[in-house]
Amino acid sequence: MRVDIQGKLRLALGLVKDHASIGKAMIHNPYDGFSNIDIAVLRATGHDNGPIDDKHMHEILFLVSNSPGSIPFLAERISRRLCKTRDRLVALKTLVLIHRLLRGGNRCFEQQLRDAHISGHLQMSTRWFSKNSDPSVCFLHNYAAYLEERMGWLINQAGKLEPVMSKGSFEFRCYEEKSIDVVFRKLPKCQLLIDRVLSCSPLDILPSDNLAQAAMSNTLKESFQLYLTFCEGIAALVNMFFDLTKPARALACEILKRASQQSQELHDLYENCKWIIENKSLEYPYVQIITMEHVMALEQCLGCPQVDQTANSYSFHVLSKTTASSALPPILGLAKSTKPQGATAAKEGKKGDISLSSTLFSCSLETKISKVWVVFDEDDHPN
């Protein structure tokens, strides 16, 4: 009973603070025309444990779309809210607001929000909350770290996550190009974001913590698309392995070793989430675990001379004999398709056709993004 009384008192004091902050924003705001944005942020990040009201999300997107140059101000208000609060729920709700804004706006809004993060207007530090034994605080720090890394990704027109490449680099759209740059630049970024997903443990979330449950659900939805990109990257890496130079093969083996550990941990994460996260609409993919035997088999080729396309099928045949008495399953179901794809590419003059196994996923995946799209005037974009 004592805990309930303390919780009610904390909630009541928090609501009083919210009311005072909103009143202050209404009366005194040095930025003309932007006070409504400040008020909308305060209302969206109140002290209650409930999820963010869609009404506040729509209001923020509408106000920003009708106020040119307001995104840096929005970023500063969000950062200020996160910086000043010492309430875990308010901090978590502010992070959830950032996550939903990343998923809810159009490409222009998403880019400008990313620019605000790069310039320092948008900050997601939770260092004010000490890392103690409280699991809810651990989840807060890990979720913030995930969002920091998530800022380096965007949602393309197909609704899929893809990393933001540097301006001086060629922009790759898919792994079907069989490009070394795609595998050795995009796949490591994918693995880094997967590490951030894995750090968000559902064991740190209480069933009654509705806000953390919502945050983890959004993270899981994005991880499903991320896993698809991960599988495509591993498939491309295995298919091109025998075309690589010896140093590149060594780097590829290091990537595969990391992928082996991540696939097992991702499988365990999803199994735990099925029991802890109460969102029944989540469609978990089937995670195919990459064993170290697969990687060790490929590592045996590091001392071998470079092989050409016609020798690929023979090399896979040798690997299958040298690994174990029982044949190893192909990595992501690709060993069987390597020879036909190489032969077809040689005959038709096409390179890099990659077909993933139909058993990779137990169900079709789809990124569910908010349908609130804000149209920005191109002339109002900041340089």
Mind listing the closest non-hydrogen atom pair of F139 and S201 along with its distance? CD1-O, 4.1 Å

Between T85 and V90, is there a donor-acceptor pair closer than 3.5 Å when you use the side chain of the first and the backbone of the second? no

For S223 and Y270, run side chain to side chain contact (heavy atoms under 4.5 Å, CB included): C-alpha distance rounded to whole Å, both residues' side-chain angles, the deciding distance at 0.1 Å, then the answer. CA-CA 10 Å; S223 76; Y270 288 163; 2.8 Å; yes

Test side chain to side chain contact (heavy atoms under 4.5 Å, CB included) on L102 and M151 and set out the steps. CA-CA 8 Å; L102 277 174; M151 278 291 176; 3.9 Å; yes

Note: R88-D209 ion pair, threshold 4.0 Å (strictly below): yes

Does any non-hydrogen side-chain atom of H117 lie less than 4.5 Å from one of Q123? no

Going by heavy atoms in the side chains, are L161 and T229 under 4.5 Å from each other? no

Basic-acidic side-chain contact under 4.0 Å: E110, R114: yes

Taking every non-hydrogen atom, the tightest pair across C253 and V295: O-CG1, 3.8 Å

Interatomic distance, Y143 atom OH to R196 atom CZ [nearest 0.5 angstrom]: 14.5 Å

Are side-chain heavy atoms of F109 and L101 found at a separation under 4.5 Å? yes

Go through T126 and L95 one step at a time and tell me if the side chain to side chain contact (heavy atoms under 4.5 Å, CB included) criterion holds. CA-CA 10 Å; T126 56; L95 293 175; 4.2 Å; yes

May I ask you to test the C190-I194 pair for a side-chain heavy-atom distance under 4.5 Å? yes

Go through the steps for D38 and R81 under the test salt bridge (Lys or Arg N to Asp or Glu O under 4.0 Å), then give the verdict. CA-CA 10 Å; D38 192 9; R81 182 66 162 168; over 6 Å; no

Provide the closest heavy-atom pair for I276 versus Q213 in the form atom of the first, atom of the second, distance. O-NE2, 3.3 Å

With no hydrogens and no angle check, is any side-chain donor or acceptor of Q191 less than 3.5 Å from a backbone partner on I255? yes

Roughly how far apart are S260 OG and M296 CE, rounded to 0.5 Å? 11.0 Å

Could you walk me through whether L282 and K221 pass the side chain to side chain contact (heavy atoms under 4.5 Å, CB included) check? CA-CA 7 Å; L282 294 174; K221 289 176 184 178; 3.7 Å; yes

Approximate separation, where rounding is to 0.5 Å, of R80 CZ and F73 CZ: 9.5 Å

Look only at the side chain of R86 and the backbone of K84, and say whether a donor-acceptor pair between them is shorter than 3.5 Å. yes

So, taking the atom named CG in L220 and the one named CD in E283, what distance separates them when rounded to the nearest 0.5 Å? 12.5 Å

Check whether any side-chain heavy atom of D204 sits under 4.5 Å from a side-chain heavy atom of S136, and report yes or no. no

Heavy-atom check, side chain of L266 versus side chain of F230, under 4.5 Å: no

Charged N-O contact under 4.0 Å between R43 and D53: no

Which atom of A259 lies closest to which atom of I234, heavy atoms considered: CB-CD1, 3.7 Å

Rounded distance (nearest 0.5 Å) linking atom CD1 of I78 with atom OG1 of T45: 8.5 Å

Got a salt bridge between R249 and E299, using NZ or NE/NH1/NH2 to carboxylate O under 4.0 Å? no

Spacing of L97 atom CG and I52 atom CD1 [to the nearest 0.5 Å]: 4.5 Å

With a 4.0 Å cut-off on N to O distance, would you call R103 and E222 a salt bridge? yes

Identify the heavy atoms of R107 and I155 that sit nearest to each other, and give their distance. CD-O, 3.3 Å

For the student: nearest non-hydrogen atoms of A252 and L237, plus distance: CB-CD1, 3.5 Å

Using a 6.0 Å cut-off, check whether atom NZ of K55 has over 12 heavy atoms from anything other than its own residue. no

Measure the shortest side-chain to side-chain distance between L63 and L74 over non-hydrogen atoms and say whether it is less than 4.5 angstrom. no

Hey, is the main chain of A215 close enough, under 3.5 Å, to the side chain of T219 for a donor-acceptor pair? yes

Report yes if the side chains of M216 and C273 come closer than 4.5 Å at any heavy-atom pair, otherwise no. yes

Could you point out which residue of E265, R258, Q264 forms a side-chain hydrogen bond (donor to acceptor under 3.5 Å, both in side chains) with Q261? E265

